[in-house]
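Reviewing the structure listed below.
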Amino acid sequence: MKTAVILSGGKIQSEFALAFLEKHPCDFRIGADRGILFCKEYGITPTHIVGDFDSAGEEVLDWFLSRYEIPVQRFNPVKDYTDTDIALRLALDLGASRIYIFGGTGTRLDHVAANIRTLALALEKGAEAFLLDANNRIRLVKSPVSLSKTEQFGQYVSLFAVGGTVKGLTLEGFFYSLSDYVLEGLDPLCVSNEITEPEGRISFSEGILMIMESKD
């Protein structure tokens, strides 16, 4: 299984991201536009660079290109996709089946919303993709999953229906259990649940579910 890490242009908490990169070796490190500033500051050499570079600027791009032979995909700022979306598509083209995105969250909530929807592309291709920051791990699933209490990302688990209705939602091993529930797209019922048993089991028969594991 090939793994990719995307370093994008949102907020990247350096201590958290660097610890993750040290603990989880990856096959591809993709710097997406402003994400290459983080790479330069902390001595990370991307395997690939993508973006329109309206945020990163020419100077830092030239810095990498003068020192390393790194494939660059450059786009016009007037484009259909965000830099994170382009980076995710590249990761999939490279054969990555597990993709971690740093800098996909932050103060620009429009980009956060877009990046969550971008995860659906990986789901369609049969790959796992995660938006990660120091407080959240976000992914989309279309089949049952189990969360180990000892390995969960944070204390809280929130679930949302994405792109329609999630049918037959059943939660076992959680403080708030459910049985065969129909979760509509605007239904906030499944916010801030907690795992109370060694394993929290999430099953459903239809739809796409967003799982947000969070901590304060």
Side-chain angles (χ1 to χ4, degrees), residues 5-17 19-20 24 82 84-85 87-88 98-216:
V5 168
I6 295 171
L7 297 157
S8 195
K11 182 178 181 181
I12 301 179
Q13 296 100 330
S14 57
E15 184 176 350
F16 170 74
F20 182 93
H24 300 85
T82 66
T84 303
D85 187 294
L88 179 64
R98 179 170 294 164
I99 303 164
Y100 299 100
I101 303 172
F102 293 86
T105 58
T107 56
R108 284 288 301 273
L109 295 185
D110 54 343
H111 281 285
V112 176
N115 290 336
I116 289 173
R117 284 155 178 78
T118 295
L119 297 177
L121 176 63
L123 191 66
E124 290 174 9
K125 301 295 185 180
E128 292 183 296
F130 302 85
L131 285 174
L132 279 176
D133 62 33
N135 299 94
N136 305 280
R137 180 169 69 183
I138 305 170
R139 57 178 152 160
L140 302 182
V141 299
K142 58 181 178 181
S143 58
V145 297
S146 295
L147 303 176
S148 168
K149 185 171 178 61
T150 59
E151 297 176 1
Q152 69 180 113
F153 184 80
Q155 179 181 356
Y156 304 105
V157 179
S158 297
L159 308 174
F160 302 93
V162 176
T165 301
V166 171
K167 297 182 179 180
L169 181 61
T170 298
L171 304 180
E172 300 173 293
F174 287 87
F175 185 83
Y176 299 105
S177 60
L178 279 178
S179 179
D180 201 29
Y181 184 76
V182 176
L183 183 65
E184 302 288 351
L186 298 178
D187 189 345
L189 177 72
C190 296
V191 173
S192 296
N193 210 337
E194 297 185 44
I195 299 173
T196 55
E197 296 181 8
E199 189 175 71
R201 296 170 295 282
I202 304 168
S203 61
F204 54 101
S205 58
E206 184 178 324
I208 296 176
L209 196 64
M210 176 168 61
I211 301 176
M212 300 183 70
E213 299 171 75
S214 304
K215 53 188 174 183
D216 291 323

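Just so you know, these numbers come straight off a predicted model, no measurement behind them. Atom set for the values below is all heavy atoms of this structure, side chains included, hydrogens, waters and symmetry mates excluded.
- The aromatic rings of Phe20 and His24 lie parallel to each other, with less than 30° between the two planes, well short of the 60° mark.
- Legend: residues meeting salt bridge (Lys or Arg N to Asp or Glu O under 4.0 Å) with Glu206, ordered by chain and number and at least two apart, are Lys167.
- The neighbour count for Lys215 NZ, taken as heavy atoms of other residues, nucleotides or ligands under 6.0 Å away, is above 12.
- What you find for Leu178 and Cys190 is that their closest heavy atoms are CD1-SG, 3.7 Å.
- Taking CG of Leu119 as the reference point, atom CD1 of Ile138 lies at 7.5 Å (rounded to 0.5 Å).
- Applying the side chain to side chain contact (heavy atoms under 4.5 Å, CB included) test to Thr105 and every residue at least two apart in sequence or in another chain returns Val112, Asp133.
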Between Gln13 and Asn135, is a side-chain contact (heavy atoms from CB on, under 4.5 Å) present by the stated rule, with each step listed? CA-CA 10 Å; Gln13 296 100 330; Asn135 299 94; 4.1 Å; yes
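- Separation of atoms CG (Leu140) and CD1 (Ile116) is listed at 8.0 Å; rounding is to 0.5 Å.
- Of all heavy-atom pairs between Phe174 and Ile195, the closest is CE2-CG1, 3.6 Å.
- Heavy-atom minimum distance, Gly104 versus Leu131: CA-CD2, 3.9 Å.
- Between Phe204 and Leu169, the shortest heavy-atom contact is CB-CA, 4.0 Å.
- With a 4.5 Å cut-off on side-chain heavy atoms, Arg98 and Phe130 count as touching.
- Checked against side-chain hydrogen bond (donor to acceptor under 3.5 Å, both in side chains), Ser203 has no partners two or more places apart in sequence or in another chain.
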Report task. Would you sort out whether Asp216 and Tyr156 count as a side-chain contact (heavy atoms from CB on, under 4.5 Å), showing the intermediate values? Result -> CA-CA 9 Å; Asp216 291 323; Tyr156 304 105; 4.0 Å; yes
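- Under the 4.5 Å side-chain criterion, counting only non-hydrogen atoms from C-beta, Leu159 is not in contact with Asn193.
- Applying the salt bridge (Lys or Arg N to Asp or Glu O under 4.0 Å) test to pairs two or more places apart or on separate chains, those with a residue in residues 169-186 are Glu172-Arg201.
- Contacts of Glu199 classified as salt bridge (Lys or Arg N to Asp or Glu O under 4.0 Å), with partners at least two apart in sequence or in another chain: none.
- A pairwise comparison of heavy atoms in Leu123 and Lys142 identifies O-NZ, 3.7 Å as the closest pair.
- Each salt bridge (Lys or Arg N to Asp or Glu O under 4.0 Å) pair with one or both residues in residues 186-195, not counting sequence neighbours, would appear here, but there are none.
- Annotation: the span from Gln152 atom CD to Ile211 atom CD1 amounts to 12.0 Å, rounded to 0.5 Å.
- Ser148 and Thr150 share a donor-acceptor pair across their side chains, judged by distance under 3.5 Å alone.
- Heavy atoms of other residues, nucleotides or ligands lying less than 6.0 angstrom from CZ of Phe16 number more than 12.
- A distance of 10.0 Å separates CG in Leu171 from CG in Leu147, rounded to the nearest 0.5 Å.
- Rounding to the nearest 0.5 angstrom, the gap separating the CD1 atom in Ile101 from the CD1 atom in Ile12 is 11.5 Å.
- Nearest heavy-atom pair, Ala161 versus Leu183, reported as atom, atom and distance to 0.1 Å: CB-O, 3.4 Å.
- Atom CZ of Arg139 sits about 9.5 Å away from atom OH of Tyr100, to the nearest 0.5 Å.
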